[in-house]
Amino acid sequence: YKREASPELSEYERDKRTVFVMQLAARLKQEELFEFFAPAGKVRDARIIADRNSRRSKGVGYVEFVDPETVPLAIAMTGQKLCGLPIIVQHTESEKNRIAAEAEANARANTPITRLYVGSLHFALAEEDLAAVFAPFGAIERVDLHKDSETGRSRGFAFVHYQNAADAKQAMDKMNGFEIMGRAIKVGHSSDKAAAMMPMGAEDGNAFSALDDGEMGGLQMNNQSRMDLMAKLAREGNPVPAVAAKPIILPTRNILLKNMFNLLEAQTETGWEAELKDDVSGECSKYGSLRHVGVDTEALDGRIYLRYDSIPQAEAAVAALNGRFFAGNKIEAAYVPDISYNGRFPEAAFQ
């Protein structure tokens, strides 16, 4: 038999062209193995694995083909007899791992993800801080900040659970790599299996270090945006306590109002969103000049976003509206960082 000259191929490319063969007869020669698989397609090389001391066959070998499309035909030859023994043909282990990884990635891409992993967090951050940062992208069910069971100190990673997959994706695209309190956070998909495999000592979420915090999709953040969010999460004093103190939330010109309307009832009326914007604009413009009004058409807790012309105007609105009852519901008013507001409403970025 004649081996084909091997071109310069990567290990990945060679694995795609190679099969692992088992139950080979002890007397089988490499050239016989080569010729046996020739009907499946052009063979580049065939090797029988031998004991390095006795030089006797271990009953297994590898066959590399010129064309990767030959591999399924070779695997179909499982059960055929070679020197009287029915052989078993499989993908190599590395190729099986690659196929499994691709299948898992495809399944993840087609499965709505509402649960995000957030890592590389500053240890002073509390759950309410993360909720404030991620809430502008959509309704959040809960935030799970993992803490040390003995000290109560943050372990540097958390899971943010959104109600809607689209909101989770937007948050991941905008916030991965964003810097909070001197750290570029990592935001990516998570799964129950991945969470269960988290090492107990992974205090900074190293089990998810494959999440690339250098790829920042969507809106690019400037220094002012970073400063806005860092200021929002600032603490009094420099020492970091074992259990984070309640943060001082500095105001921005953007605010979020919750419990402003009943979504299910509103959706029964034609043109409800535009009408609601007009009503809110008329009511809230008494506190200052509004640059933008946004209505969340999916969140069940009746969310409306406002951008004022200045921070003092937003402060006046929050002071007047927070805790006020409207249609039997207590309004919640909170400041929203510029980066979060612009991420949710790109059209408002230059207003």
Side-chain angles (χ1 to χ4, degrees), residues 109-116 128 130-144 159-175 189 218-219 252-309 313-314 316-351:
N110 295 325
T111 302
I113 301 297
T114 57
R115 183 172 181 264
L116 296 180
E128 56 264 31
L130 295 175
V133 171
F134 283 92
F137 296 101
I140 292 176
E141 290 186 349
R142 69 181 188 278
V143 176
D144 297 327
F159 295 96
V160 178
H161 301 253
Y162 280 92
Q163 291 182 4
N164 299 312
D167 297 335
K169 184 180 186 305
Q170 186 182 40
M172 181 181 68
D173 292 342
K174 299 296 189 298
M175 296 303 292
H189 289 156
L219 183 68
T252 70
R253 61 195 184 109
N254 318 302
I255 66 174
L256 164 61
L257 302 178
K258 295 183 182 179
N259 302 322
M260 289 292 291
F261 61 96
N262 185 305
L263 179 63
L264 299 180
E265 291 181 1
Q267 289 177 334
T268 61
E269 300 180 11
T270 303
W272 68 273
E273 184 179 353
E275 184 178 345
L276 183 59
K277 281 186 179 181
D278 290 340
D279 292 343
V280 170
S281 296
E283 176 66 24
C284 295
S285 59
K286 65 176 66 173
Y287 307 110
S289 177
L290 284 168
R291 305 297 295 273
H292 179 264
V293 178
V295 177
D296 191 323
T297 59
E298 295 182 354
L300 295 176
D301 53 356
R303 298 180 173 216
I304 293 179
Y305 295 81
L306 305 175
R307 168 166 283 178
Y308 281 93
D309 192 51
Q313 293 173 359
V318 170
L321 297 173
N322 189 44
R324 171 181 168 184
F325 281 86
F326 179 75
N329 296 317
K330 186 177 181 180
I331 299 175
E332 296 179 22
Y335 297 107
V336 179
D338 279 347
I339 179 60
S340 300
Y341 198 99
N342 294 342
R344 186 165 188 84
F345 303 104
E347 72 276 10
F350 301 101
Q351 294 184 12

Heavy atoms, side chains only, cut-off 4.5 Å: are [X] and [Y] in contact?
{"X": "Val143", "Y": "Phe159", "answer": "no"}
{"X": "Gln163", "Y": "Ile140", "answer": "no"}
{"X": "Met175", "Y": "Leu116", "answer": "no"}
{"X": "His161", "Y": "Thr114", "answer": "no"}
{"X": "Glu273", "Y": "Leu276", "answer": "no"}
{"X": "Thr252", "Y": "Tyr341", "answer": "no"}
{"X": "Asp338", "Y": "Arg307", "answer": "yes"}

Write down the atom of [X], the atom of [Y], and the distance for their closest heavy-atom approach.
{"X": "Ile304", "Y": "Val293", "answer": "CG2-CG1, 4.3 Å"}
{"X": "Glu298", "Y": "Leu263", "answer": "O-CD2, 3.3 Å"}
{"X": "Asn262", "Y": "Leu264", "answer": "OD1-N, 3.1 Å"}
{"X": "Val318", "Y": "Ile255", "answer": "CG2-CG2, 3.4 Å"}

**Q.** Those residues that, when tested against Lys258, pass side-chain contact (heavy atoms from CB on, under 4.5 Å) (two or more places apart)
**A.** Leu256, Asp301, Arg303, Glu332
**Q.** Residue list, side-chain contact (heavy atoms from CB on, under 4.5 Å) with Lys330, at least two apart or on another chain
**A.**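 So Lys330 forms a side-chain contact (heavy atoms from CB on, under 4.5 Å) with Phe325.
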Q. After noting the C-alpha distance and the side-chain angles of Cys284 and Leu321, does the key distance pass the side chain to side chain contact (heavy atoms under 4.5 Å, CB included) rule?
A. CA-CA 9 Å; Cys284 295; Leu321 297 173; 4.0 Å; yes
Under 3.5 Å, side chain of [X] to main-chain N/O of [Y], donor-acceptor pair present?
{"X": "Gln313", "Y": "Ser289", "value": "yes"}
{"X": "Arg253", "Y": "Tyr308", "value": "yes"}
{"X": "Tyr305", "Y": "Pro136", "value": "yes"}
{"X": "Tyr162", "Y": "Phe134", "value": "yes"}
{"X": "Arg344", "Y": "Phe137", "value": "yes"}

Q) Under the side chain to side chain contact (heavy atoms under 4.5 Å, CB included) criterion, do Glu347 and His292 qualify, and how do the steps go? A) CA-CA 9 Å; Glu347 72 276 10; His292 179 264; 3.2 Å; yes
Q | For Phe261, all residues meeting ring pair (Phe, Tyr, Trp, His ring centres under 6.0 Å), sequence neighbours excluded | A |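 Partners of Phe261 under the ring pair (Phe, Tyr, Trp, His ring centres under 6.0 Å) test: Trp272.
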[atom1] of [X] to [atom2] of [Y]: how many Å apart, nearest 0.5 Å?
{"X": "Asp296", "Y": "Asp167", "atom1": "CG", "atom2": "CG", "result": "6.5 Å"}
{"X": "Leu290", "Y": "Leu306", "atom1": "CG", "atom2": "CG", "result": "5.5 Å"}
{"X": "Ser285", "Y": "Asp309", "atom1": "OG", "atom2": "CG", "result": "13.0 Å"}
{"X": "Asp279", "Y": "Glu275", "atom1": "CG", "atom2": "CD", "result": "5.5 Å"}

